[in-house]
Amino acid sequence: MEALLRRIHPNHPSKAQIEEELRFRKAGYRGELSLDYHMSQLPQNEHFILHDLRLPLWNNTFFQIDSLLLSRRYFTNYEVKNHSGTLTFEEQQMLQTYEGRTESYPNPITQAENQQYHLENLISKNLDIVLPGTSFVVVTNPSSIVKFDPQYEQIASQKVIRVGAIRQNSELFWKKHQEHLISYTDLQKISQLLIKLDTPLKPDILQEFRVDKCDIHPGVYCDKCKCLSMLRGYGTWKCKRCGFTDKMAHVQALNDYLLLIGNTITNSQLRFFLQINSITVATQLLGSLNLSFEGTFKDRKYHLSLEALKK
């Protein structure tokens with residue numbers, strides 16, 4: 001979404017929707033980072049911790065887990081919520097009231113319990129191992145106010161916790177379950193199975209936000225003045241607006257190309273996307289990135305990956 005916003009017209013009809021969804025997802029990501037920090041304080045020799053799992057259910061459907069704590073005694077599924085404002089938990093929904101507006105979301109307690117149920121079944125089906133689980137909704141936004149419907153409070157108050165209570169919550173649960181139910185080898189098997197089955201979502205971002213490929217503006221982005229205004233010259237990129245120079249600015253452009261267009265690129269496609277004319281310069285840039293490729297020099301396709309571009 002960040003790459004898309006860099007490369008569409010400011011008046012594109014989908015811009016506001018993309019910005020709103022990006023804001024929502026960034027808030028969720030910050031919440032998960034907050035949970036990661038608190039979970040990292042747990043004793044590492046007693047637990048395995050896995051994040052952002054997307055696991056198969058049936059017929060090309062999946063269930064997702066934000067953070068999972070595995071031990072030889074039990075597992076705990078944590079569903080992260082980083083919403084602002086006042087959160088009211090009811091049996092059928094969660095209400096968020098923020099800046100005078102109230103929105104309804106599915107009950108995250110039910111969400112977390114469904115994930116727990118599916119995970120227990122997945123482990124049992126694939127490994128014939130029975131490991132009991134529990135689940136919690138973790139509110140990570142420190143400024144949010146949590147309320148419960150009085151008729152639902154007895155259940156909800158036991159399942160909704162603040163992120164700062166992760167360590168105490170885990171220690172309390174640990175003390176209640178002293179018996180090892182599975183071996184360390186079985187614990188490793190479960191962890192390896194989940195990592196193997198994890199299927200990260202690869203969305204078609206253009207289709208999701210109704211953006212045509214022809215709406216994607218080519219060019220090299222200037223990190224200083226935030227425009228597609230960098231020109232190639234004398235071994236570096238220089239912004240024609242502010243004069244900022246950056247030898248590696250093409251890497252960010254190729255990262256955008258990978259996220260928005262595709263994972264292979266030819267010399268001519270690179271020249272168009274980076275807005276350069278020289279075949280020689282394009283060849284030198286591609287060669288400097290040590291990308292894998294296929295085909296002869298004339299019709300060569302280079303393979304792009306986030307890992308290769310990060311290097």
Side-chain angles (χ1 to χ4, degrees), residues 16-39 49-55 57-58 61-69 74-122 131-174 176-177 201 203 208:
Q17 181 192 0
I18 300 166
E19 288 176 331
E20 176 64 17
E21 184 64 20
L22 179 59
R23 183 196 63 78
F24 181 77
R25 301 228 188 142
K26 278 186 172 180
Y29 180 63
R30 287 193 297 270
E32 291 185 23
L33 289 180
S34 175
L35 177 62
D36 293 353
Y37 169 75
H38 288 277
M39 290 187 73
I49 298 171
L50 302 176
H51 300 296
D52 297 314
L53 292 170
R54 183 171 178 266
L55 301 168
L57 199 51
W58 61 73
T61 60
F62 300 84
F63 66 100
Q64 295 182 230
I65 291 177
D66 290 337
S67 286
L68 178 67
L69 184 147
Y74 60 89
F75 72 79
T76 306
N77 164 39
Y78 294 106
E79 173 71 14
V80 179
K81 296 299 173 189
N82 194 45
H83 294 67
S84 301
T86 299
L87 308 180
T88 304
F89 290 82
E90 300 179 354
E91 186 172 1
Q92 300 298 326
Q93 63 187 347
M94 180 186 77
L95 299 176
Q96 178 198 24
T97 302
Y98 182 63
E99 295 183 343
R101 187 175 67 176
T102 299
E103 293 190 49
S104 171
Y105 297 90
N107 184 347
I109 298 173
T110 304
Q111 264 184 298
E113 289 177 340
N114 285 340
Q115 294 159 1
Q116 172 190 333
Y117 171 80
H118 293 318
L119 186 55
E120 287 175 350
N121 285 343
L122 184 146
L131 183 64
T134 188
S135 55
F136 295 94
V137 175
V138 185
V139 178
T140 55
N141 191 324
S143 64
S144 61
I145 299 170
V146 175
K147 293 183 177 181
F148 304 111
D149 183 315
Q151 296 181 335
Y152 191 52
E153 184 170 6
Q154 187 174 357
I155 295 173
S157 62
Q158 301 298 312
K159 297 299 257 180
V160 179
I161 61 175
R162 293 282 188 177
V163 68
I166 288 289
R167 185 181 58 79
Q168 297 93 320
N169 176 274
S170 298
E171 288 179 354
L172 182 63
F173 210 74
W174 186 261
K176 286 182 179 179
H177 298 78
L201 180 63
E208 182 178 349

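We're numbering straight along the sequence, starting at 1.
- Contact check for Lys81 versus Gln111: side-chain heavy atoms found under the 4.5 Å cut-off.
- The two residues Gly164 and His38 have their closest heavy-atom pair at CA-CE1, 3.9 Å.
- Note that CD of Gln116 and CG of Asn121 are 10.5 Å apart. Values are rounded to the nearest 0.5 Å.
- The closest donor-acceptor contact from the side chain of Gln115 to the backbone of Gln64 lies under 3.5 Å.
- Within 6.0 Å of CD on Gln168 lie more than 12 heavy atoms contributed by other residues, nucleotides or ligands.
- Scanning all heavy atoms of the two residues, the minimum distance from Met39 to Ile49 falls at O-CD1, 3.4 Å.
- The pair Glu171-Arg167 meets the salt-bridge criterion, since a charged nitrogen lies less than 4.0 angstrom from a carboxylate oxygen.
- Looking at heavy atoms from C-beta onward, Ser67 lies in side-chain contact with Asp36 at the 4.5 angstrom threshold.
- Under the 4.5 Å side-chain criterion, counting only non-hydrogen atoms from C-beta, Tyr74 is in contact with Leu69.
- For Leu53 against Leu50, the heavy-atom pair with the smallest separation is CD1-CB, 4.1 Å.
- Closest heavy-atom contact between Pro108 and Met94: CD-CB, 3.7 Å.
- Rounded to the nearest 0.5 angstrom, Ile166 CD1 and Tyr37 OH are separated by 13.0 Å.
- Counting all heavy atoms, side chain and backbone alike, Gln158 lies closest to Phe136 at O-CE2, 3.4 Å.
- Between Phe89 and Ile155 there is no side-chain heavy-atom pair separated by less than 4.5 Å.
- In Glu91, the CD atom is not crowded: 12 or fewer heavy atoms of neighbouring residues, nucleotides or ligands sit closer than 6.0 Å.
- Scanning for ring-ring contact (aromatic ring centres under 6.0 Å, His included) contacts around Tyr152 gives an empty result, with sequence neighbours left out.
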field: From CA spacing to verdict: side-chain hydrogen bond (donor to acceptor under 3.5 Å, both in side chains), Tyr78, Thr140
entry: CA-CA 11 Å; Tyr78 294 106; Thr140 55; over 6 Å; no
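- Note that the NE2 atom of His51 and the CG atom of Leu33 stand 9.5 Å from one another [nearest 0.5 Å].
- Among all heavy-atom pairs drawn from Gln93 and Ser104, the shortest one is OE1-OG, 2.7 Å.
- Here the side chains of Arg23 and Glu20 are in contact, with some heavy-atom distance below 4.5 Å.
- A distance of 7.5 Å separates CG in Asn77 from CG in Asp66, rounded to the nearest 0.5 Å.
- A heavy-atom distance below 4.5 Å is found between the side chains of Gln96 and Leu87.
- Summarising the geometry, atom CZ belonging to Arg30 is positioned 8.5 Å from atom CG belonging to Asn141; distances are rounded to the nearest 0.5 Å.
- For Thr134, there are no side chain to side chain donor-acceptor pair (under 3.5 Å) partners, not counting sequence neighbours.
- The shortest side-chain heavy-atom distance between Leu55 and Leu119 falls under the 4.5 Å cut-off.
- Glu32 places no side-chain N or O within donor-acceptor distance of the main-chain N or O of Val80, the cut-off being under 3.5 Å.
- Between the Lys159 side chain and the Val137 main chain, no donor and acceptor come within less than 3.5 Å of each other.
- Within 6.0 Å of the OH atom in Tyr98, the count of heavy atoms belonging to other residues, nucleotides or ligands does not exceed 12.
- Rounded to the nearest 0.5 Å, atoms OG (Ser170) and CD1 (Ile161) are 7.0 Å apart.
- Side-chain contact between Val160 and Phe148 is present, with heavy atoms from C-beta onward closer than 4.5 Å.
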